[in-house]
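Have a look at the structure below, then the notes.
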2 protein chains.
Amino acid sequence: MATIYDVARTSGVSPKTVSRVINGDQAVKKATRDKVETAISALGYVPSTAARAMRSNKSGLVGLITGAISLSPNRTENSGLPDLFIVQGIQKAMEASGKTLLIADTGGKMDRVPQLIRTFEEHRVEGLIYVADHHRKVELPSVSAATKLVLANCYDDRGTPAVLPDDYRGQFNLVKALIAKGHRRIAYLTLSPRLEATIHRKKGYQDALAQAGIAQAPELLIPADLDIPDHDAEEQLLWDALDRLLSLPDVPTAICFGNDRMAMRAYGILRSRGVSLPDDVSVAGYDNHKMITQTLYPTLMSAELPYAAIGIRATEMLLDMINGTLTAQTNPMLVSGPVTPGNSVRDIPTSITKISSIGRTTK
Amino acid sequence: MATIYDVARTSGVSPKTVSRVINGDQAVKKATRDKVETAISALGYVPSTAARAMRSNKSGLVGLITGAISLSPNRTENSGLPDLFIVQGIQKAMEASGKTLLIADTGGKMDRVPQLIRTFEEHRVEGLIYVADHHRKVELPSVSAATKLVLANCYDDRGTPAVLPDDYRGQFNLVKALIAKGHRRIAYLTLSPRLEATIHRKKGYQDALAQAGIAQAPELLIPADLDIPDHDAEEQLLWDALDRLLSLPDVPTAICFGNDRMAMRAYGILRSRGVSLPDDVSVAGYDNHKMITQTLYPTLMSAELPYAAIGIRATEMLLDMINGTLTAQTNPMLVSGPVTPGNSVRDIPTSITKISSIGRTTK
DNA sequence: ACTCATTATGACATCGGTGTCATGATATCG
DNA sequence: CGATATCATGACACCGATGTCATAATGAGT
């Protein structure tokens, strides 16, 4: 592989002048520049990042640790939104920065992380993003203080900068949207109550009801999923929870589910019991996993879990930390997504809207 | 970040001795080694790959160009097996080699490839793997002769080493398996005839029939998919093709489809016409996209498209090229996968098996 | 104790760029 | 035309690790 010295020799100038040409530095006489550029393309010269990194003490590398590559498509069937979307957001945001992204995949084994971090340190990455597959707390081995670290979709108790989905606002806005459509008796079949997401979303659900002056109904709030994959148990839990709701004297008009996949399974169960969607009961999911929300009939109302945005924000934050341009902000940073509409929720005319509909055409 | 000089100073030895300790070189007195190791952990010293790469003229890096990261989950709904599986195979195989994998994503834009290759050359990658999303011919910008290149799931006309799925054998074995189950009238609804895969699989289908002494029936071989995504047109094509088969005076007992997704769509169409699977007609797919084959009822018989294996073979080939241990072999290398069983194909007792069943219990 | 063979360690140069400073070549102006 | 400012270029050192060679420390054998 040709070096800057080869180019210098071929074009009859000093290496430093070649360096000036490739970097567009200072003034170089046109004739000289041409000679050098000719030599560069003749030799197919490409500068070495290793040498540059040594001299400048800057690698231009950013590390990414994830399990999304090795686990993603396999798990699509039995989990939430693929964390690969976060990786996509990171890639996209990093592209513009000129840094090179070094991706390391854990293969799902957390104990491989120290090894991966070590490799990153050997490459002198300027920063590091750790991506978790769902909103949770993590405990990462410490990285050298010089290496900036940002957590995406997770956080720790050491105050490491983190970017998280705003589960509270997501569920809050979703329930608020249901209330706006006239629903007042709204059930919520949650994911495992041990999940961070569930804790925050539950609060969002409760606050949205409270804000609308709707009393809490404990019988409408049921955990109906596990945090470990067990197809049969999941199916039973969901069936049981739906059965309890449908057996109530006052059946809810709308049911929120922990995620889109749960809602999808519920479609099947509800239909097998002769419940018509959305006429008999309205349904909402969470995640806005388009493969589900847009494929189901009727299309599923949901709340966007903004994975791409989380990746982008995490990248921006990291780049700011690297450039020293980070403006003070609260940690963790919460990213919220919109409520995504769907035909799985029907409008319930309330007395007020009924009155107003006398004078106007209801849309 | 601490350097080898810092460690040397702290432990009172020369940098060269520190180098010996971290590399386990030659003999170093136990006492010295201990001093050095203490200093290393005290300082949190990690050797710099950049410096090593410069000195040794070996980067330890391998590049990977793909569109799988940015496009994968989005497209799962409307295409074949995700090429991310190839990336997974590559990652797994590369891990063991000690090389670091540099992943570059095209974002689906081929015109970004030269830029990515340039970045890889700046990093002095020792080799490069290009992964295509489906079996096809590609035209890559030339890389410097020193950089080894392997094509995965694609090939060119310059004799670049390539690893491809053995579409011929896959379809051949699948049809052979159908024949072994007693089918003799076997239809094949192919993907777009413009695809490489279709060309080879068609030949496999024809040869398997010929080998069993079954005459070709042109009316049973119908292209029924497009190579551009168009949901409505695809649906119409498939419906029409199935309609033609079912209207024949001699309806086929088994239908092979271009891939599992086509077969899945066919399940719906066939059932809507009152055709029972597999009693009225047997069905086979291609790809063994487990999310489909194992989820459908009845489970779908298929032929494995060995993406992970293609990734592994491509990696092995590249590493051999890098180490100079490549044994001569035909190019492209074809990787074949097994027929994967499913309940979508029924056994048809032939006269011969009928006779044999008199004396034995049929399994 | 003294040679000779190991063993243990260090000095130095090198890999490929680029910052610093110096110097040579042009241009500008009185 | 000569002095000075500006432009163009090069010499040299350095970033961090390590191969080469030299030298110092240790041990073995007589």
Side-chain angles (χ1 to χ4, degrees), chain A residues 1-37 39-40 43-61 100 118-126 144 146, chain B residues 1-37 39-40 43-61 100 118-126 144 146:
Chain A
M1 184 112 247
T3 75
I4 201 169
Y5 295 97
D6 299 323
V7 177
R9 207 173 318 114
T10 304
S11 51
V13 300
S14 75
K16 177 71 224 195
T17 297
V18 177
S19 171
R20 290 193 178 98
V21 171
I22 55 187
N23 292 293
D25 274 2
Q26 304 177 35
V28 177
K29 225 198 288 186
K30 175 97 172 53
T32 312
R33 187 199 320 285
D34 289 346
K35 270 193 306 184
V36 171
E37 275 165 354
I40 286 176
L43 295 172
Y45 166 72
V46 175
S48 152
T49 49
R52 280 179 162 167
M54 267 227 335
R55 180 72 240 250
S56 67
N57 210 26
K58 280 182 189 172
S59 65
L61 294 173
T100 301
R118 159 85 186 197
T119 301
F120 281 154
E121 288 186 330
E122 288 180 350
H123 283 279
R124 300 289 190 268
V125 294
E126 298 175 25
S144 85
Chain B
M1 183 110 246
T3 75
I4 201 170
Y5 295 97
D6 299 323
V7 177
R9 207 173 320 114
T10 305
S11 52
V13 300
S14 77
K16 178 69 224 197
T17 297
V18 177
S19 172
R20 290 196 179 97
V21 171
I22 55 187
N23 292 293
D25 274 2
Q26 306 177 34
V28 177
K29 223 199 290 184
K30 175 98 172 53
T32 312
R33 186 200 319 286
D34 289 346
K35 270 192 306 183
V36 172
E37 276 165 354
I40 285 176
L43 295 171
Y45 166 72
V46 175
S48 151
T49 49
R52 281 180 161 166
M54 268 231 328
R55 182 70 239 255
S56 67
N57 210 26
K58 280 183 189 171
S59 65
L61 295 173
T100 301
R118 160 85 186 197
T119 302
F120 281 154
E121 289 184 330
E122 288 180 351
H123 283 279
R124 299 288 191 267
V125 294
E126 298 174 25
S144 84

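Quick note on labels: first sequence line is chain A, next is B, and so on, each numbered from 1. This structure is a prediction, so every number in the text was calculated from the model and none was measured.
Rounded to an integer number of Å, the gap from NZ of B:K58 to P of D:dT18 is 13 Å. Following rounding to the nearest Å, B:M54 (CE) and D:dG19 (P) show an atom-to-atom distance of 14 Å. Distance A:I22 CD1 to C:dG16 P: 13 Å, rounded to the nearest Å. Straight-line distance from the CG atom of A:N57 to the C1' atom of D:dG16: 10 Å, rounded to whole Å. For B:E121 and C:dG16, the CD to C1' distance is 16 Å, given to the nearest whole Å. Nucleotide C:dG17 holds its P atom 10 Å from the CD atom of B:E122, rounded to whole Å. Spacing between atom NZ of A:K35 and atom P of D:dT9 amounts to 8 Å, rounded to whole angstrom units. In this structure, the OH atom of A:Y5 is 7 Å from the C1' atom of C:dG17, given to the nearest Å.
The OG atom of B:S19 sits 7.5 Å away from the CZ atom of B:R52 when rounded to the nearest 0.5 Å. Of the inter-residue distances, the one linking A:E126 atom CD with A:N57 atom CG reads 9.5 Å to the nearest 0.5 angstrom.
Heavy atoms of B:R33 sit nowhere under 4.0 angstrom from any nucleic acid atom. Using a 4.0 Å heavy-atom cutoff across all strands shown, B:V13 reaches sugar-phosphate atoms only and no base atom. Contact annotation for A:V46: backbone-only contact, meaning every heavy-atom pair under 4.0 Å involves sugar-phosphate atoms and none involves a base.
Here the options are B:V28, B:V7, B:D6, B:T3, the test is side chain to side chain contact (heavy atoms under 4.5 Å, CB included), and the partner is B:V18; only B:V7 passes.
Side-chain N or O atoms of B:E122 include none that pairs as donor or acceptor with a backbone N or O of A:P47 at under 3.5 Å.
Taking every side-chain heavy atom of B:I4 into account, D:dT18 is the closest of D:dC14, D:dG10, D:dT18. Closest to the side chain of A:R55, out of D:dG10, D:dA17, C:dG19, is C:dG19. Side-chain proximity of A:T32 to the nucleotides D:dT9, C:dG10, D:dA13 is greatest for D:dT9.
Taking 4.0 angstrom as the limit, A:T17 places none of its side-chain polar atoms (N or O) nearer than this to OP1 or OP2 of D:dT9. Here A:R52 does not reach the OP1 or OP2 of C:dG19: none of its side-chain N or O atoms lies under 4.0 Å away. Distances shown here put a side-chain N or O of B:Y45 below 4.0 Å from the OP1 or OP2 atom of D:dA17.
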Item to complete: Would you please test B:T17 and B:K35 for side-chain contact (heavy atoms from CB on, under 4.5 Å) and show each step?
Response: CA-CA 11 Å; B:T17 297; B:K35 270 192 306 183; over 6 Å; no

Check: Are B:R20 and B:V13 close enough, and set up right, to give a side-chain contact (heavy atoms from CB on, under 4.5 Å), and what steps lead you there?
Finding: CA-CA 11 Å; B:R20 290 196 179 97; B:V13 300; over 6 Å; no

| task | Quick one: do B:R124 and B:L61 satisfy side-chain contact (heavy atoms from CB on, under 4.5 Å)? Show the steps, please. | result | CA-CA 7 Å; B:R124 299 288 191 267; B:L61 295 173; over 6 Å; no

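Residues meeting the side-chain contact (heavy atoms from CB on, under 4.5 Å) test with B:K29, sequence neighbours left out: B:T32.
Mapping B:R124 and B:V28 onto DNA chain C by nearest heavy atom places B:V28 closer to the 5' end of the strand. Between B:S14 and B:A51, the residue whose closest nucleotide on DNA chain C is further toward the 5' end is B:S14.
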Once base and sugar-phosphate atoms are separated, protein heavy atoms under 4.0 Å mark nucleotides 20-26 of chain D, 5' to 3', with B, S and - as B-----S

